[in-house]
Amino acid sequence: MQASSVEIRKVNKFYGPFHALKDVDLNILPGKVTCLIGPSGSGKSTLLRCVNFLEEYDSGEVRIDGQLIGYDAPGKKMSGRKLREMRRSIGMVFQQFNLWPHMTALENVAEGLIRVRGLPKAEAQERASAALTKVGLADKMQNHPSRLSGGQQQRVAIARAIAMEPRLMLFDEPTSALDPELVGEVLNVMKTLASEGMTMVVVTHEMGFAAHVADQVAFMEKGELVGCDTPSRILHQPDDPRIQSFLRTYHERNSF
Amino acid sequence: MFSLPVFLESFGPLIWAARYTLLISFLGIGLGLVIGALICAARLSPYIALRRFAAVWVSFLRGVPLLVQLLVFYYTLPVIGIDVPAFVAAVVTVGICASAYISEIWRGAIAALPKGQSEAATAIGMGPRDIWTRVILPQAVTMSLPALINELILLVKASSLVSVVGILEITRASQAQAATTFRPLEVYIAAACIYLAINLCLAVLGRYLEHRTAV
């Protein structure tokens, strides 16, 4: 797997009059894990979704390995085919899993390999079953999502993404919809991916994961990227009062 | 007094007439499914002219009673020089009328799908055609089955209206039968039993389909 990097330059995004992203600059380093943290509504998810152009940014640049995504030139949209080509190598995992309920776990993972990569069905299923084995679900391949726990569903979703052999993985609050006891199994799969050198961008409220697995942590508030540094600088010695106040609230909520 | 022999004897001709009721309902829903899919596609298309057309189509056909639509259609065709049998006119009218309801059933089912379903496909690099055929439609069709069976049951009952253009389906056959036997009570109860039997079968079919496609 070839590691990828992302350069985000002066990205702005508006929803009508609402300024959702304000001149955001961020470098995602190849083979590293970047965690995006911050209060709800701060623009973390919006920024993440700009990276694969699921969300269209209005100005600025998002480059994947130097290639601008979404636009051929400023203001000129990229063709659908070219955009799909770029998305192939960017895996994404969603808060609500978004598995397709009418397909088994195996079919969910094989679908992209067949439709997008054009692999023959047998080979696609072989790779899908390898991906499911990797996330620890070798015995659940024939189950439909409704027959799986939240943690298992999210692991299928991760398998669906990694089966496409992406160079970059985006995680949008992957554990926020899970019961507390199921969070660990998903984080463990993510840690394994990180240790294999996958470039990862993770929007999360799991400060423990950010502290132990991230190579850099970016803090966002009200559409601005307030700071980006090593986990210890952001989480233990933050100099910005906005980060200090966010962490104070976090600690108060999690202490008992 | 209720006469059991008259009641039982009226089943013969009425069941024979039921073939028209079934033909008109099934052909009508078939046509309605095809036109309904096109109208639904127009309603969801990016072109405003198509969306307007579909919206007008739906509100007109839902706003005018089927009986009036039948009469208008039946008496308009000869005026514009088209000579079609009453049966064809009836099927087309019933189909067009059903298309309005069916397009709305499908639009509702598609709208009810979480946005994340197509987003997951988009993120993986799937194109619009695959997203529609592999992700959206299979789920929307499954979700719409109960409503479609419901629509079919409504059509079976509404098909009694085509008696006005002279088709000898269950209702018209029972009117004729009642007129010749002077036993309307027995004949109409027999007609009611046949409608009920047909619709109970459809309801069972509906439940079977729902059960089989449930995930």
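Quick note: numbers below take in every heavy atom, side chains included, and nothing from hydrogens, waters or symmetry partners. Order of the sequence lines sets the chain letters (A, B, ...), proteins ahead of strands, with each chain counted from 1. Source: prediction; values computed, not measured.
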Answer key: most heavy-atom pairs under 4.5 Å with chain B among A:Met86, A:Arg49, A:Arg115, A:Arg160 is A:Arg115
Taking atom OH of B:Tyr20 as the centre, does the number of heavy atoms from other residues, nucleotides or ligands within less than 6.0 Å exceed 12?
no
Is atom CZ of A:Phe14 surrounded by more than 12 heavy atoms (other residues, nucleotides or ligands) closer than 6.0 Å?
yes
So which bits of residues 115-140 of chain B come within less than 4.5 Å of chain A, counting non-hydrogen atoms only?
B:Lys115, B:Gly116, B:Gln117, B:Glu119, B:Ala120, B:Ala121, B:Thr122, B:Ala123, B:Ile124, B:Gly125, B:Met126, B:Gly127, B:Pro128, B:Asp130, B:Arg134, B:Val135, B:Pro138, B:Gln139
Is it the side chain or the backbone of A:Leu170 that comes within 4.5 Å of chain B heavy atoms, both, or neither?
neither
Against chain B, label A:Leu54 side chain, backbone, both or neither, depending on which of its atoms sit under 4.5 Å from a heavy atom there.
side chain
Tell me whether B:Arg52 at atom CZ has more than 12 heavy atoms from other residues, nucleotides or ligands lying less than 6.0 Å away.
no
Comparing A:Glu85, A:Glu111, A:Arg147 against chain B, the one with the most heavy-atom pairs below 4.5 Å turns out to be A:Glu111
Count the heavy atoms belonging to other residues, nucleotides or ligands that lie under 6.0 Å from CD of A:Glu126, then report whether that count exceeds 12.
no
